[in-house]
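Written out below as structure tokens is the structure these notes cover.
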Amino acid sequence: MRVLLSGYYGKGNGGDEALLATLLQMLPGNVTPVVLSGNPRETEERYGVEAHERMNFQRVISVMRGCQGFIWGGGSLIQDATSRISPFYYNGLMAIAQGLKLRTVAWAQGIGPISGWITRKLARQNFAGCTGVSVRDKKSAALLTEWNIPHILAPDPVWAMESVKVPEIAHLPTPRIAVTLRNHPDLTAQRLENITRALVDLQAATGAFMILLPFQKAQDYAIAQAIQPAFSQGSAILCFSEPQLLKGVFRDVDLAIGMRLHSLIMAASEGCRAFALSYDPKINRLMEDLHMPGWDLPSLPGDVNTISQTWIDVYRNSKSLPTDKIQTLVNAAQQHRQLLADCLVSGDYLRG
């Protein structure tokens with residue numbers, strides 16, 4: 001069975017690449033994946049799969065006609081907070097796939113926010129038409145329940161993604177703190193300055209080596225470069241395009257402070273303590289589910305000392321998730337794998 005995978009792939013975003021890597025890891029053995037990508041050559045080389053340009057619509061439709069299945073491949077694809085055009089792209093592809101009678105799966109979705117009534121109407125129709133649906137948070141599940149759409153609720157599949165140990169970490173001084181910041185309107189120049197000063201205080205209090213970890217180089221690297229000179233006691237910028245290596249970094253880190261959702265998931269799943277800086281409801285949902293400490297960026301304290309003392313307290317007194325809790329989340333994330341098997345192998349999940 002040839003199955004077309006659609007997501008924010010090939011755009012250099014470590015979280016979305018992690019979702020793709022996990023989806024490929026979880027696909028049933030009878031499935032030949034075909035990936036829509038912003039960088040098809042890179043996707044083919046990295047994962048050993050067939051890939052096509054995601055914005056070449058004539059080619060996309062042609063490829064879709066040669067497939068038997070279609071998957072919305074994880075993440076916050078159906079939301080209009082960051083882009084009002086993006087949900088029309090994804091909804092359009094799903095509508096075409098369902099029109100062609102493909103088996104369609106909405107996999108590991110984080111739905112919303114959706115403010116536009118047209119987007120909401122299209123989303124409801126498309127989710128209702130799917131062979132199977134899984135979501136990664138309670139608010140997405142509540143919306144589907146409101147729409148009377150059957151679904152599975154399970155932790156983000158990246159909890160179950162295999163990680164790879166990073167040799168480059170071994171020679172770096174200990175202890176280590178990883179920081180992942182991204183460009184966003186809520187990260188104003190003043191907030192970035194306050195965060196940087198607080199991180200310097202955190203380093204002075206703990207003696208930690210600071211690892212600046214861009215998850216999407218186009219958005220994150222410039223910020224890492226801008227703040228690195230402040231860390232006179234030692235720092236490094238580490239860039240990895242392979243999601244398994246990104247996750248592996250957190251095996252050897254004592255605390256992660258991050259804006260990127262999947263930096264926080266990867267850290268928690270590898271037994272690393274984590275502190276969230278939220279710019280998006282999806283991060284607030286993770287904080288709520290895991291009781292993870294953090295702030296909404298608009299609510300970031302204006303006093304640098306308050307920020308640094310909070311982080312020092314988290315570093316000294318907080319605990320990582322217990323091993324059994326991590327394993328429970330990893331096991332629960334495997335429900336996304338089972339959904340794929342039910343929809344693409346047995347056919348028992350097909351709705352009439």
Side-chain angles (χ1 to χ4, degrees), residues 1-28 30-111 114 116 118-134 157 216 218 241 243 336 339-340 343-344 350:
M1 175 183 284
R2 283 170 59 84
V3 176
L4 191 61
L5 313 184
S6 174
Y8 194 64
Y9 308 140
K11 304 294 285 186
N13 184 304
D16 290 289
E17 292 304 307
L19 286 166
L20 175 56
T22 311
L23 175 54
L24 293 172
Q25 176 184 314
M26 289 185 171
L27 281 174
N30 71 312
V31 169
T32 298
V34 183
V35 180
L36 298 181
S37 171
N39 191 333
R41 179 177 296 180
E42 180 182 89
T43 297
E44 289 183 345
E45 291 176 352
R46 180 176 300 159
Y47 303 106
V49 297
E50 178 184 339
H52 299 274
E53 170 55 52
R54 67 196 296 270
M55 301 305 291
N56 184 338
F57 295 106
Q58 184 174 357
R59 181 61 181 158
V60 169
I61 302 305
S62 175
V63 171
M64 189 181 289
R65 290 182 183 278
C67 291
Q68 293 76 49
F70 176 82
I71 299 175
W72 271 342
S76 300
L77 304 181
I78 308 305
Q79 53 83 22
D80 54 13
T82 59
S83 170
R84 297 196 177 274
I85 297 175
S86 177
F88 286 97
Y89 167 83
Y90 292 112
N91 273 309
L93 292 182
M94 179 62 80
I96 293 169
Q98 291 177 357
L100 292 173
K101 308 300 183 184
L102 275 61
R103 297 190 188 188
T104 54
V105 181
W107 182 81
Q109 291 296 294
I111 309 169
I114 305 175
I118 296 178
T119 303
R120 180 174 286 261
K121 180 180 180 180
L122 290 173
R124 183 171 184 171
Q125 290 175 344
N126 283 326
F127 278 110
C130 282
T131 308
V133 178
S134 67
Q216 186 171 8
S241 56
H336 297 292
L339 177 80
L340 294 170
C343 293
L344 303 176
L350 290 175

Is a side-chain donor-acceptor pair under 3.5 Å present for Tyr8 with Glu17?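 No - no donor-acceptor pair under 3.5 Å links their side chains.
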Using atom types as modelled and distance alone, determine if a side-chain donor or acceptor of [X] lies under 3.5 Å from a backbone N or O of [Y].
| X | Y | answer |
| --- | --- | --- |
| Glu44 | Glu50 | no |
| Asn126 | Ala106 | no |
| Trp72 | Tyr90 | yes |
| Tyr89 | Met55 | no |
| Asn13 | Gln216 | no |
| Gln79 | Ala81 | yes |
| Gln98 | Ile96 | no |
| Trp107 | His336 | yes |
| Ser62 | Gln58 | no |

Can you tell if the side chain of [X] reaches within under 4.5 Å of the side chain of [Y], non-hydrogen atoms only?
| X | Y | answer |
| --- | --- | --- |
| Leu4 | Leu102 | no |
| Val133 | Val105 | no |
| Ser134 | Gln109 | no |
| Val34 | Val3 | no |
| Ile114 | Pro87 | no |
| Val49 | Thr32 | no |
| Pro40 | His52 | no |
| Pro157 | Leu23 | no |

To the nearest 0.5 Å, what is the distance between [atom1] on [X] and [atom2] on [Y]?
| X | Y | atom1 | atom2 | value |
| --- | --- | --- | --- | --- |
| Asn91 | Arg124 | CG | CZ | 14.0 Å |
| Leu344 | Leu339 | CG | CG | 8.0 Å |
| Ile111 | Arg120 | CD1 | CZ | 10.0 Å |
| Asp16 | Ser37 | CG | OG | 11.0 Å |
| Asn39 | Glu45 | CG | CD | 8.5 Å |
| Leu36 | Ser6 | CG | OG | 5.5 Å |

Applying side chain to side chain contact (heavy atoms under 4.5 Å, CB included), run through Phe70 and Arg103 and close with a yes or a no. CA-CA 6 Å; Phe70 176 82; Arg103 297 190 188 188; over 6 Å; no
Exercise: identify the closest heavy-atom pair between Tyr47 and Ala21: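 Smallest interatomic distance, heavy atoms only, reads CE2-CB, 4.0 Å.
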Only one of Leu19, Val31, Thr43, Val35 clears side-chain contact (heavy atoms from CB on, under 4.5 Å) with Leu5; which?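 The residue from Leu19, Val31, Thr43, Val35 that satisfies side-chain contact (heavy atoms from CB on, under 4.5 Å) with Leu5 turns out to be Val35.
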